Each structure stands twice: as C-alpha cells, then as structure tokens.
Undergrad: 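One structure, as structure tokens, below. Some questions next.
Computed from a predicted model, the values in this text were never measured in an experiment. Just so it is clear, the values below take in all heavy atoms, side chains as well, and ignore hydrogens, waters and symmetry mates.
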Amino acid sequence: MVSVDNLDCLDLLIWLGKGAAVKQRLNFSESKISRMARRVADAFEVSLIKRNGEWTVIGDTALLDLQRLVHQEYRWAMRRPLRIEAHYCSGRVLSGCLPESWIKGNFDPVEVQIPLRYLRNGIIDAWIGVFPDVPEEEDGDLYCFHLIRMPVHPVVATDHPLIALGDRVTLEDVKRYPSRVFPNYALPRFQAMMQELELWNPMMLKKSHNFDQWEGGMTGGEIVGYATQLTIDFFDRTHMLLPIQVPFEVGETLVVRREYAIHPRFEELVSDLKGQAVELQQRFPSICLCF
C-alpha cells in the first residue's frame with residue numbers, strides 16, 4: 001500500500017508533465033513532490049524518468065494500475081478532488097464553469113490516445129474529447145455523454161487565393177492547397193474522414209497545443225486550416241471561415257469510467273457542461289445539442 005498523497009504526486013507528475021504544474025495543484029514543494037513520487041515508483045519496482053522534459057514511468061505497471069483504481073474509488077467516494085483533462089479545442093470551449101472539486105489538467109493535448117489511457121488506468125477521472133474520436137458506445141470500460149455537434153469549415157487567411165472565389169468556392173478548390181491539420185494519428189477517425197475526402201495534407205506539429213505552431217502559424221500564404229464556429233476564435237482576425245462545410249460533423253463529448261456514470265459528482269459535472277452547451281447553442285444556431 002502507498003499513501004494517497006504519494007500516489008497523487010506520482011500521477012500528477014505523469015499527467016501534468018511538470019513539477020511546477022503539480023506544485024500549483026497540490027501546494028507541495030517540487031522537491032517534496034519528486035521524493036514522494038519516487039517512493040511509489042520504488043514500492044512498485046518501476047522507474048520514474050524524465051524524457052523530453054516530461055515525467056514517465058518505465059516498467060511493469062500492472063500492480064500500480066490496480067492501486068490507482070483503488071485510489072480513484074477513494075477520490076470519488078470521499079469527495080477528494082477529481083481530475084479532468086480535455087482536448088485543447090474542447091478545453092477552451094467548455095472549461096468556463098466546472099465544479100470547484102475538479103482539478104483541471106493542462107487542457108493542451110492534441111492527440112487522444114494518452115488521455116484515454118490515463119482515463120482507463122485511473123490517473124484522471126474524466127476527459128472532454130472531440131467527437132468522433134471518442135470511445136464506442138459498446139466500450140466496456142468507458143461511458144460517453146455527448147454534448148454538442150457542429151459543422152467543420154475550411155479556414156484561411158484573408159489574403160488567401162480562395163477568398164476571391166467568394167460563394168463559388170468548393171471543396172475541390174480547397175484540395176489544391178496545403179493544409180494545417182492535426183499530426184498523423186492524433187485524431188485517427190477525423191484523419192480517416194479527411195483522407196477519404198482528400199483534404200489531409202498535414203504539416204509537422206507537436207502533440208500538445210502551441211499557438212505559434214498552430215493558429216499563430218497560419219500567417220498567410222496558401223495554407224488551409226479547419227475550424228468550427230467555436231474554434232475560429234482561436235485564430236487571429238486575419239483569418240476567416242470559408243462558406244462551405246466539410247460533409248461530417250465534430251463535437252464535444254464527456255467521457256468517464258463506466259462505474260461512475262451515475263455518480264452524483266459526475267452528474268454535477270454533466271449539469272455544468274450542459275448549461276455551457278445550451279449557452280453556446282443559443283449563440284451559434286449551427287450547433288446541435290445531443291441531450
């Protein structure tokens with residue numbers, strides 16, 4: 001057995017990646033956080049190492065993951081702070097009013113595989129992800145509460161050649177230009193749909209959001225990006241949505257381990273997010289509510 005505080009230090013280091021971020025959430029010194037985390041690693045005979053500036057565990061984590069699930073149950077039952085992460089798009093759209101008992105993550109992951117793994121093994125307690133890259137309805141471990149759906153538009157700088165076409169622009173026109181989308185396999189279902197439409201020409205981007213690489217990197221030229229009515233505000237004022245839609249919708253989905261889907265604390269979180277979703281739908285009629 002390991003203490004709750006010790007395992008908190010290890011898992012928040014892995015989840016948030018930086019000692020300074022853990023210090024902000026737990027109010028422990030970075031040296032104390034490191035010592036407590038290493039005690040857990042030693043107890044479970046795994047190695048805690050720093051790779052590319054972030055912490056990770058090397059070794060067989062089977063027993064550690066079982067311990068995490070015990071601690072997760074304790075968090076839910078004893079009203080300890082719960083942990084929520086979000087895709088960088090979702091986090092900026094739906095992070096305004098969350099219950100105070102939830103610890104927010106960095107809200108900058110671009111890819112979905114790592115947050116879903118953290119959710120499955122109990123490192124985090126909930127995740128706001130981007131539909132369609134969320135678990136299937138028949139997933140035995142994870143439950144999805146779908147919030148909103150919305151259309152996707154190409155977005156370009158105001159000096160882009162496609163602007164001159166006005167309302168006559170088509171997706172065939174868009175295909176002729178390079179695109180700034182997500183890294184390969186960050187959102188595999190979204191990527192597959194875009195590839196089928198021949199709209200996928202990704203540039204090399206990192207797995208966490210960085211404005212200079214993403215929206216800030218679209219400073220003109222012939223690059224095409226993709227956005228919704230909600231995420232167009234991520235770009236500066238020199239960018240605009242083209243008056244055409246990609247023929248599928250994206251959305252926001254809240255995901256939790258299935259055993260907590262009817263827990264009062266999850267229902268409280270759902271209620272807050274539903275309220276935000278209704279406000280967004282009132283502002284943007286193209287958004288559809290899923291509940």
Side-chain angles (χ1 to χ4, degrees), residues 7-18 21-22 24-25 51-57 61 64-65 68-69 71-72 75-76 81-96 98-99 101-137 139-148 181-192 205-210 213-214 230-231 234 250-261 263 265-266 269-270 272-273 276:
L7 188 54
D8 281 351
C9 287
L10 175 70
D11 283 350
L12 265 67
L13 263 183
I14 294 167
W15 170 32
L16 302 173
K18 309 285 185 183
V22 180
Q24 183 182 16
R25 271 76 165 185
R51 177 182 293 169
N52 298 324
E54 298 187 350
W55 292 98
T56 188
V57 168
T61 63
L64 177 58
D65 288 341
R68 284 174 169 142
L69 296 180
H71 282 228
Q72 183 179 52
R75 288 197 298 275
W76 282 91
L82 297 171
R83 308 162 186 169
I84 185 167
E85 187 55 90
H87 187 271
Y88 95 90
C89 291
S90 308
R92 292 179 65 175
V93 168
L94 289 170
S95 64
L98 299 179
S101 59
W102 286 81
I103 298 174
K104 293 182 182 180
N106 296 320
F107 285 10
D108 67 354
V110 174
E111 53 84 37
V112 302
Q113 291 85 357
I114 291 178
L116 283 174
R117 185 169 75 245
Y118 289 171
L119 189 58
R120 291 185 189 279
N121 66 18
I123 290 180
I124 63 174
D125 302 299
W127 175 63
I128 308 174
V130 176
F131 179 87
D133 282 279
V134 297
E136 300 284 358
E137 296 300 326
D139 189 296
D141 297 322
L142 301 180
Y143 168 80
C144 292
F145 185 88
H146 301 292
L147 291 160
I148 56 177
V181 288
F182 297 101
N184 275 327
Y185 307 111
L187 296 175
R189 293 177 188 165
F190 177 86
Q191 176 175 340
L205 298 170
K206 293 184 179 180
K207 292 185 178 181
S208 60
H209 178 256
N210 178 288
Q213 279 204 320
W214 292 78
L230 296 182
T231 59
F234 297 0
V250 298
E252 311 294 347
T253 297
L254 177 63
V255 188
V256 70
R257 286 186 62 88
R258 194 165 288 277
E259 57 263 43
Y260 303 113
H263 195 285
R265 299 183 70 184
F266 181 68
L269 177 63
V270 167
D272 282 9
L273 290 174
Q276 292 186 59

Undergrad: Could you tell me the separation between the CD1 atom of I84 and the CG atom of L98, rounded to the nearest 0.5 Å?
TA: 5.5 Å
Undergrad: Report the residues that fulfil salt bridge (charged side-chain N to carboxylate O under 4.0 Å, His left out) with E136, sequence neighbours left out, ordered by chain and then residue number.
TA: R189
Undergrad: Within a strict 4.5 Å, meaning less than it, do heavy atoms of the V270 and L254 side chains meet?
TA: yes
Undergrad: Nearest 0.5 angstrom please: D65 CG to L69 CG, how far?
TA: 7.0 Å
Undergrad: Taking the side chain as every heavy atom from C-beta outward, state whether L273 and I128 have any pair of such atoms under 4.5 Å apart.
TA: yes
Undergrad: Distance from L119 atom CG to I114 atom CD1, nearest 0.5 Å?
TA: 13.5 Å
Undergrad: Of the non-hydrogen atoms in F107 and E85, which two are nearest, and what is the gap between them?
TA: N-OE2, 2.8 Å
Undergrad: R265 versus W76: any side-chain heavy-atom pair under 4.5 Å?
TA: yes
Undergrad: Taking the side chain as every heavy atom from C-beta outward, state whether L82 and F266 have any atom pair closer than 4.5 Å.
TA: no
Undergrad: Are any non-hydrogen side-chain atoms of V130 and F190 less than 4.5 angstrom apart?
TA: no
Undergrad: Supply the atom-to-atom distance H71 NE2 to L10 CG, rounded to the nearest 0.5 angstrom.
TA: 10.5 Å
Undergrad: Roughly how far apart are T56 OG1 and I14 CD1, rounded to 0.5 Å?
TA: 6.5 Å
Undergrad: Under a 4.0 Å N-O cut-off, is there an ion pair linking R83 with D8?
TA: yes
Undergrad: What heavy-atom pair brings P109 and A86 nearest, and what distance separates the two atoms?
TA: CD-O, 3.3 Å
Undergrad: Could you report the tightest heavy-atom contact between I124 and P115, atom names first, then the distance?
TA: CD1-O, 3.6 Å
Undergrad: Nearest 0.5 Å, please: how far is CG in D125 from CD1 in I103?
TA: 8.5 Å
Undergrad: Could you tell me whether the side chain of H146 reaches within less than 4.5 Å of the side chain of F131, counting heavy atoms only?
TA: yes
Undergrad: Report yes if some heavy atom in the side chain of D139 is under 4.5 Å from a heavy atom in the side chain of R120; otherwise report no.
TA: yes
Undergrad: What residues, two or more places apart in sequence or in another chain, satisfy salt bridge (charged side-chain N to carboxylate O under 4.0 Å, His left out) together with R257?
TA: E259
Undergrad: Classify the ring geometry of F234 against Y88: parallel below 30°, tilted from 30° to 60°, perpendicular beyond 60°.
TA: tilted
